[in-house]
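Read through the structure below, which is laid out as structure tokens, and then see the notes.
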Amino acid sequence: MATATKLLLTDLMSGVNHVPSNYIRPISDRPNLSDVQISDASSIPLIDLKDLHGHNHSNIIKQIGLACQTDGFFQVKNHGVPEEMIKDMLSIAREFFKLPESERLKMYSDDPSKTTRLSTSFNVRTEKLSNWRDFLRLHCYPLEDYVQEWPNNPPSFREQVGEYCTSVRGLVLRLLGAISESLGLEKNYIVEALGKQGQHMALNYYPPCPEPELTYGLPGHTDCNLITILLQDDVPGLQVLRNGKWVAVNPIPNTYIVNIGDMMQVISNDKYKSVLHRAVVNCNSERISIPTFYCPSPDAVIGPAKDLISHDQPAMYRNFTYAEYFEKFWNRGLATECCLDLFKPN
């Protein structure tokens, strides 16, 4: 019975060859892996950012706008984050999850309001079913406010992860300028709507699963933030809902997956859609994914951009603070229906 006291999935599953009952989904809510389409080059747009500030600028803005409108997801290459930095980031994440249990547990907390914490599943305080993942969640902007809370083991963790966060933030700001332009707004509109801005990051660890058809790494959900920049290793696991079908987005080395979050859907007044996506697991390989979540500061008031409201397209959402949205999102768990429905005008 000793396994029952384990806080993290990684330690619970050591030597276990079946999925514990609290991870098993009802039959109607299982991944149905045989029915998933595999993405090919044409299914999720791949946008080359090399000339974003060059002679191809307007064409790239158009591609980004189209991807946000029709897919809510796209991939980017020539994004400016060095290949070596990406390799180091994946390797230090793997190293962290391989630390002894006692060392990892120094970072453990089940309190979603903590700015640095190691936990498991999604929100263990409120959920009835568990998800097949452990994760380390970090706040990382402004960096100097949070870096002292981060793990100091592995020894280079703070330095390497800090450099990575700064580099990815540069990519986010370039993309936000492009997305603003694609909506016909001033280039700085979205960044200025975020207040002081926030940047969080998760290091997700999905251990091999003996019965992957019974559970999820994360079930279908939208992201509550503004925009997510996802780095994944070479093990497939991400799936996106397109035209009512789940599509597996297989990793392409040195690219990022960018997805539109709920706050972007609000600011764009429903022109751009926050899309359902999920993580599945497999029985052979562990998987690491590292999403960077860019979001408004908690006190920022979010609502549709005034220039995108008209007689034909009235405001689809009321104004609200990001803190209000964030709390609802975490407390209701990863329900399939989007949390945005709670923020429609009265």
Side-chain angles (χ1 to χ4, degrees), residues 39 43-49 64 67-68 71-83 85-94 97 122 131-141 161 164-176 178-179 198-206 216-242 246-265 272-281 286-295 334:
S39 67
S43 61
I44 304 287
L46 175 59
I47 299 174
D48 188 341
L49 297 182
I64 288 172
C68 292
D71 297 283
F73 257 81
F74 55 96
Q75 300 169 94
V76 293
K77 63 179 183 177
N78 290 318
H79 41 64
V81 181
E83 191 174 331
M85 193 179 272
I86 287 175
K87 209 181 291 174
D88 289 348
M89 186 64 233
L90 286 166
S91 127
I92 208 151
R94 197 165 274 112
F97 286 106
F122 178 72
N131 301 299
W132 201 265
R133 86 166 174 157
D134 290 335
F135 64 93
L136 176 66
R137 194 164 175 113
L138 311 170
H139 282 225
C140 33
Y141 180 79
V161 177
Y164 176 83
C165 290
T166 302
S167 189
V168 171
R169 181 168 181 265
L171 169 60
V172 168
L173 295 177
R174 290 193 296 281
L175 285 169
L176 291 182
I179 292 170
Q199 181 181 344
H200 310 164
M201 175 189 205
L203 280 58
N204 292 323
Y205 179 73
Y206 302 99
Y216 288 107
L218 282 172
H221 64 285
T222 61
D223 287 350
C224 69
N225 52 295
L226 180 77
I227 189 173
T228 302
I229 311 289
L230 177 71
L231 171 62
Q232 39 181 359
D233 66 9
D234 55 1
V235 178
L238 173 68
Q239 299 182 349
V240 179
L241 192 66
R242 297 190 81 206
W246 287 103
V247 178
V249 184
N250 289 340
I252 303 171
N254 296 311
T255 63
Y256 280 104
I257 290 169
V258 179
N259 75 275
I260 296 305
D262 294 349
M263 296 305 97
M264 190 74 82
Q265 181 165 330
Y272 293 169
K273 290 287 191 282
S274 181
V275 173
L276 283 169
H277 53 287
R278 67 186 189 180
V280 297
V281 289
E286 63 186 16
R287 174 175 177 256
I288 297 234
S289 78
I290 304 175
T292 291
F293 305 105
Y294 212 77
C295 42
L334 291 172

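The structure presented is a predicted model; accordingly, all values stated were derived computationally and were not measured.
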Yes or no on side chain to side chain contact (heavy atoms under 4.5 Å, CB included) for Leu49 and Lys77, after CA distance, side-chain angles and deciding distance? CA-CA 6 Å; Leu49 297 182; Lys77 63 179 183 177; over 6 Å; no
Step by step, work out the side chain to side chain donor-acceptor pair (under 3.5 Å) result for Tyr205 and Glu286. CA-CA 7 Å; Tyr205 179 73; Glu286 63 186 16; 2.6 Å; yes
Should [X] and [Y] count as side-chain neighbours, where that means a heavy-atom distance under 4.5 Å?
| X | Y | result |
| --- | --- | --- |
| Val275 | Arg242 | no |
| Tyr294 | Val168 | no |
| Ile179 | Ile227 | yes |
| Val76 | Thr255 | no |
| His277 | Gln239 | no |
| Leu176 | Met264 | yes |
| Val258 | Thr228 | no |
| Tyr256 | Val81 | yes |

Between atom [atom1] of [X] and atom [atom2] of [Y], what is the distance when rounded to the nearest 0.5 Å?
| X | Y | atom1 | atom2 | value |
| --- | --- | --- | --- | --- |
| Asn204 | Arg137 | CG | CZ | 9.0 Å |
| Ile92 | Ile290 | CD1 | CD1 | 10.0 Å |
| Thr222 | Leu241 | OG1 | CG | 11.5 Å |
| Tyr272 | Asp71 | OH | CG | 12.0 Å |
| Ile64 | Ile260 | CD1 | CD1 | 9.5 Å |
| Phe73 | Ser274 | CZ | OG | 8.5 Å |

Pair Tyr164, Cys140 - check side chain to side chain contact (heavy atoms under 4.5 Å, CB included), show working. CA-CA 10 Å; Tyr164 176 83; Cys140 33; over 6 Å; no
Test log, rule ring pair (Phe, Tyr, Trp, His ring centres under 6.0 Å), inputs Phe293 and His200: CA-CA 5 Å; Phe293 305 105; His200 310 164; 7.4 Å; no
By the definition side-chain contact (heavy atoms from CB on, under 4.5 Å), identify the one residue from Leu173, Val172, Leu171 that meets it with Leu175.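 Exactly one candidate clears the test, Leu171.
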Using every non-hydrogen atom in the two residues, find where [X] and [Y] come nearest and quote the distance to one decimal.
| X | Y | value |
| --- | --- | --- |
| Asn250 | Pro236 | OD1-CB, 3.3 Å |
| Phe74 | Ile47 | CD1-CD1, 3.7 Å |
| Ser167 | Pro82 | OG-CD, 3.9 Å |

Is Arg174 reaching over with its side chain to a backbone N or O of His79, donor-acceptor style, under 3.5 angstrom?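 Yes, Arg174 side chain to His79 backbone: donor-acceptor pair under 3.5 Å.
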Is a donor on one side and an acceptor on the other found under 3.5 Å between the side chain of Gln199 and the backbone of Cys165?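 Yes; at least one donor-acceptor contact below 3.5 Å.
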Quiz item: cation-pi between Arg278 and Tyr216, 6.0 Å / 45°: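 Judged by the rule, Arg278 and Tyr216 form no cation-pi pair.
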Do the numbers put Arg133 on top of the ring of Phe135, so that NZ or CZ is under 6.0 Å from the six-membered ring centre and no more than 45° off the axis?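 Yes - Arg133 lies over the ring of Phe135, closer than 6.0 Å to its centre and within 45° of its axis.
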Derivation of the side chain to side chain contact (heavy atoms under 4.5 Å, CB included) call for Leu238 and Ile257: CA-CA 10 Å; Leu238 173 68; Ile257 290 169; 3.5 Å; yes
Is the closest basic N to carboxylate O distance between Asp233 and Arg94 below 4.0 Å?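 Salt bridge between Asp233 and Arg94, a charged N being under 4.0 Å from a carboxylate O: yes.
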Please walk me through it: do Asp223 and Asn259 pass side chain to side chain donor-acceptor pair (under 3.5 Å)? CA-CA 8 Å; Asp223 287 350; Asn259 75 275; 3.2 Å; yes
Between Leu218 and Tyr206, does the side chain to side chain contact (heavy atoms under 4.5 Å, CB included) criterion hold? Intermediate values first, please. CA-CA 10 Å; Leu218 282 172; Tyr206 302 99; 3.9 Å; yes
